[in-house]
There are 2 protein chains.
Amino acid sequence: MKRATLRDIAQAVGVTVATVSRALKDYPDIGSATKQAVLAAAERLHYAPHPLAVKLRQKAYKVVGVVVPQIVHPFFSGVISGIVDVAEAQGYHVILSQSDESYEKEIRVTQMLQATGVDGLLVCLSDQTVDVAHLQALQAYDLPVVLFDKISSALDASTVVTNDFQGAYDATAHLLAQGLTRVAHIKGPAHPENTRQRYAGYLAALAAYGLPPRPEYVAECQHVVHAEGFAFAQQFMALPEPPQAIFAVTDAVAVGALMALRQAGLRVPQDVALVGFSDWAVCELLDPPISSVAQPGYEIGRQASELLLREIQQLRDDEPVAHAHRVLDATLRVRQSSLRAADFSPAVR
Amino acid sequence: MKRATLRDIAQAVGVTVATVSRALKDYPDIGSATKQAVLAAAERLHYAPHPLAVKLRQKAYKVVGVVVPQIVHPFFSGVISGIVDVAEAQGYHVILSQSDESYEKEIRVTQMLQATGVDGLLVCLSDQTVDVAHLQALQAYDLPVVLFDKISSALDASTVVTNDFQGAYDATAHLLAQGLTRVAHIKGPAHPENTRQRYAGYLAALAAYGLPPRPEYVAECQHVVHAEGFAFAQQFMALPEPPQAIFAVTDAVAVGALMALRQAGLRVPQDVALVGFSDWAVCELLDPPISSVAQPGYEIGRQASELLLREIQQLRDDEPVAHAHRVLDATLRVRQSSLRAADFSPAVR
DNA sequence: ATGAAAGCGCTAACAA
DNA sequence: TTGTTAGCGCTTTCAT
């Protein structure tokens, strides 16, 4: 059945479209007889206002676009959830795209999003993205952009990120505070800012405890996977003076390390303490449960969404748009994998 | 800066909007001089066509809405990813909403989605949804709806689901085929169709092996969580004749059971074999890795998306809309938790 | 090669 | 109380 329009109702009732329009949104001055007739006709014809026409007329689209590297990822799905909740509370909708960590696809989807007419964009850059001209182009067309998680200083835009430095510092300090002095770190690749921050936090904590960094206690992942954690843990344990603790850049790496340690017959945390990063659900389920640094994914989504909606509003009101830079604290969740026995018992017996 | 329109360019160049419109999409008959001027002006004014105006004119919105109970969920994020990939490949965008497993919110978001003007809807019903009048209302307005995962036969619509019966049958048969005869099942709540299907698959496999169901080997979860798996595993092991294997309705429940078995000093799989359902990432990481039945989330999303887009097309072409019902196979992933020692060693020694 | 004009479906200021 | 008119921004037929 063809979609009914105001005109269809107008013809059926024998009035003009203007009258129908008013009757449908109970205007003050409207004859109750015609109103009834209009309402009845609308019902009968399955009338629903054409949203595009309304939006065009009122110049309010109320849709924002989101680009993440991957949708299937515990961190990003949390971020998306936060974005959607805030946006919907303000009457906005969220269009979702993934870049698959590809620079080319990121360009493609941002342009598609623009072509759809979104009011603004929330973007987490792909690992491959070095140039941000595609985003600057959007800004040139008065489309506000907010970056989150993986950001670029080359773009003049609001940003929301986790405080990776502080999270890593806390994790390392937690190990050092228990009297451990030989703490190793399995770090991420050299490039991305967030893994660099985690490394920096590790070094800063060592320095705070007056411990010089030991190169043999630092390993660098290429792909940040399970297998690397496994291999590097073995490598550490083969050292003449093996570390007493390992801080891993990611939970996947920490899990790999745990497997290696277990296989080597070492007890966690009694022989080697372990801390991961991201606080995946798996941390709680392993034996022993792994300590990890939780990233506030949902909150990052919320704040990024709020910043974007605010900028959209400012732009609409011809107010100056102020960019904000939010850095949200990470939270160390201490579990058994990093608590030395002494911490369980009341005192030395 | 105010958004530039065709008229702005027309005034700047000194032609009419029609000419500008043609110049911008290189029409055959267009003076190269004016064309250059128009292009230059468009560039200078940061012109971009107003998407809503274009869509209104061309009557093609190209956006579909998705409603899932929760975005942060490994299964649903996989489904969403499949939906987005298919939709984008066909030039559609995806608007995402979550019902938070609330019937009221599900109604609210579907109505919001309709008001935004989506061309169709992909819906996974919330656990609380019993009535589907809100979806029938959408259909009455010529808006196609496709249900996936949690569906309702009360709605005359296409559906895409996992073959839970077959998945459960395979899991149970895999245990029975190894010569185990005492296989227990921790089932889900009585109501939802998919957990009922899993129970039915379990029973069918027992029957196929000529084994009568034993009531003491079946437990029913209320919330389908970790703790329930833990408690029921303990309960099973306290039986005079404890089961040799446990098939759990969900991985969370299986993990709980694993913890209980390990704590009781039982070896998995030598003393008790274990199989879960859903194939969460955690299954591979545990010790021993847990066998599980994988649900094709991404593929469910793909097919649901394809069905919806096809129906949208059929509706636009005034063709009859054919509803389809897809049931996708689940895949048993056998890991160490369900492989008896005999399967590892060449023979009895 | 370009202009004039109609219209997508809706809203709202102004008239009557 | 209702109709008339203009217009959101764009496309496209029909003139010229």
*Asks:* Is there a donor-acceptor pair closer than 3.5 Å between any side-chain N or O of B:T110 and the backbone N or O of B:E106?
*Replies:* yes

*Asks:* Is the distance from OP1 or OP2 of D:dG9 to the nearest side-chain N or O of B:R3 less than 4.0 Å?
*Replies:* no

*Asks:* Using the closest heavy atom to pick a nucleotide of DNA chain D for each, name whichever of A:T16 or A:K59 lands nearer the 5' end.
*Replies:* A:T16

*Asks:* Output the rounded distance in Å from CD1 (B:I9) to P (D:dG9).
*Replies:* 13 Å

*Asks:* Using only side-chain N and O atoms of B:R7, determine if any of them is under 4.0 Å from OP1 or OP2 of D:dC8.
*Replies:* yes

*Asks:* Is the distance from OP1 or OP2 of D:dG3 to the nearest side-chain N or O of A:T19 less than 4.0 Å?
*Replies:* yes

*Asks:* Mind checking if B:L6 touches a base, just sugar-phosphate, or nothing, with heavy atoms under 4.0 Å?
*Replies:* base

*Asks:* Considering residues, nucleotides and ligands other than A:R316, do more than 12 of their heavy atoms fall under 6.0 Å from its CZ?
*Replies:* yes

*Asks:* Ignoring the backbone of A:H50, work out which of C:dG3, D:dC10, C:dC10 is nearest its side chain.
*Replies:* C:dC10

*Asks:* State whether A:Y61 places a side-chain N or O below 4.0 Å from either non-bridging phosphate oxygen (OP1 or OP2) of D:dG9.
*Replies:* no

*Asks:* Looking at side-chain heavy atoms only, is the closest gap between B:V146 and B:L121 below 4.5 Å?
*Replies:* no

*Asks:* Regarding B:K150 and B:D127, does a basic nitrogen lie under 4.0 Å from an acidic carboxylate oxygen?
*Replies:* yes

*Asks:* Atom CG of B:D8 to atom P of D:dC8: distance rounded to whole Å?
*Replies:* 11 Å

*Asks:* How many whole angstroms separate atom CD1 of B:I30 from atom C1' of C:dT2?
*Replies:* 7 Å

*Asks:* For a quick check under 3.5 Å, do B:E101 and B:S126 share a side-chain donor-acceptor pair by atom type?
*Replies:* no

*Asks:* Take B:A53 and B:G31, find for each the nucleotide of DNA chain C with the closest heavy atom, and name the residue whose nucleotide sits nearer the 5' end.
*Replies:* B:G31

*Asks:* Charged N to carboxylate O below 4.0 Å: is that the case for B:E306 and B:R302?
*Replies:* yes

*Asks:* With under 30° as parallel and over 60° as perpendicular, where do the rings of A:F76 and A:H73 fit, or are they tilted in between?
*Replies:* tilted

*Asks:* Roughly, in whole Å, what's the span from CG in A:L56 to P in D:dA6?
*Replies:* 19 Å

*Asks:* Quick one: which protein N/O atoms are closer than 3.5 Å to N/O atoms of nucleotides 12-16 of chain C? Pair and distance per line, please.
*Replies:*
{"unit_1": "C:dA13", "atom_1": "N6", "unit_2": "A:R22", "atom_2": "NH1", "d": "3.3"}

*Asks:* Give the rounded distance in Å between these two atoms: CG of B:L24 and P of D:dG9.
*Replies:* 16 Å

